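Since the structure comes first, as structure tokens, the remarks are kept for the end.
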Amino acid sequence: MIPRALLRENAYRSIRDAIVDGTLVPGERLNDVDLAQWLGVSRTPVREALARLEEAGLVQTKPGRYTMVTPLDVQAARAAQSVTAAMHELAVRQAVPRLSADEIEAMRVANRRFAAALQAGDVDAAIASDDEFHGVTVTAAANPAIRSVLEQFTPLLRRLERLRFSSLSGRDSVALHERIIELCAAGDADRAAAAARENWLSLDPLFDFETPTP
């Protein structure tokens with residue numbers, strides 16, 4: 001028998017990923033029975049997953065009326081951006097003294113994959129490579145609080161990127177990544193942290209949209 005905690009986590013990640021990648025679109029109504037059938041689980045882990053997704057800002061619920069995928073909201077996106085940028089700044093600052101040569105090389109490899117994905121116009125590969133790149137310093141920082149906050153807020157930004165960044169006009173990020181790598185390699189924690197923050201704040205053009213009026 002699959003442990004309940006694993007069922008709950010699998011349901012959460014499956015629904016979250018479907019929202020982030022656009023399978024479940026902004027404003028789409030969600031039915032726990034349909035989701036349970038889709039995932040092959042009972043309604044309980046689905047309901048728990050939806051409650052958790054509501055806390056992350058990806059789902060909206062009006063008890064007795066509806067549960068739906070949260071529409072795009074510029075204020076929520078900017079709030080998530082500022083928190084995410086701050087967490088990556090802290091992660092890099094804490095990680096730099098611990099980074100090995102192998103970890104620095106892993107960042108370089110991830111950035112090369114990122115650049116190649118941008119060149120190919122592959123949104124999924126670009127975002128996966130970007131996650132891989134930033135994941136090196138998040139892992140090296142070994143700070144569970146940072147990882148927990150990023151787990152909550154990063155999906156909202158990734159969702160926006162997938163929905164509005166299909167042209168992948170993010171080539172400046174390759175150069176920003178290279179700057180972060182060189183500063184990390186030089187052991188300059190403060191400037192590397194500032195560069196990491198700048199990288200996440202460079203997503204500003206993605207927020208050039210108006211929140212629909214209800």
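No experiment lies behind these values; they were computed from the predicted model shown. Note that these values count all heavy atoms, side chains included, but never hydrogens, waters or copies made by symmetry.
To the nearest 0.5 Å, atom CG of residue D32 and atom CZ of residue R47 are 4.5 Å apart. Between atom CD of residue E105 and atom CG of residue L99 there is a gap of 13.0 Å, rounded to the nearest 0.5 Å.
Using a cut-off of 4.0 Å between Lys/Arg side-chain N and Asp/Glu carboxylate O, R108 and E182 are scored as salt-bridged. With respect to the salt-bridge test (charged N to carboxylate O, under 4.0 angstrom), the residues E151 and R13 qualify.
Side-chain N or O atoms of R98 include one that pairs as donor or acceptor with a backbone N or O of A141 at under 3.5 Å.
Within the structure, the salt bridge (Lys or Arg N to Asp or Glu O under 4.0 Å) test picks out the following pairs touching residues 52-72 (sequence neighbours left out): E9-R52.
Taking the side chain as every heavy atom from C-beta outward, P155 and L58 approach each other to under 4.5 Å. Using a 4.5 Å heavy-atom cutoff, the side chains of L72 and R159 are in contact. Side-chain atoms of V69 and L30, non-hydrogen and from C-beta on, do get closer than 4.5 Å to each other. Put simply, the side chain of H134 does not reach to within 4.5 Å of the side chain of T154, judged on heavy atoms.
Between the side chains of T23 and D21, at least one donor N or O lies within less than 3.5 Å of an accepting N or O.
Side-chain contacts under 4.5 Å among hydrophobic residues (ILVMFWY), followed directly or transitively, place V138 together with V83, M87, L90, I146, V149, L150, F153.
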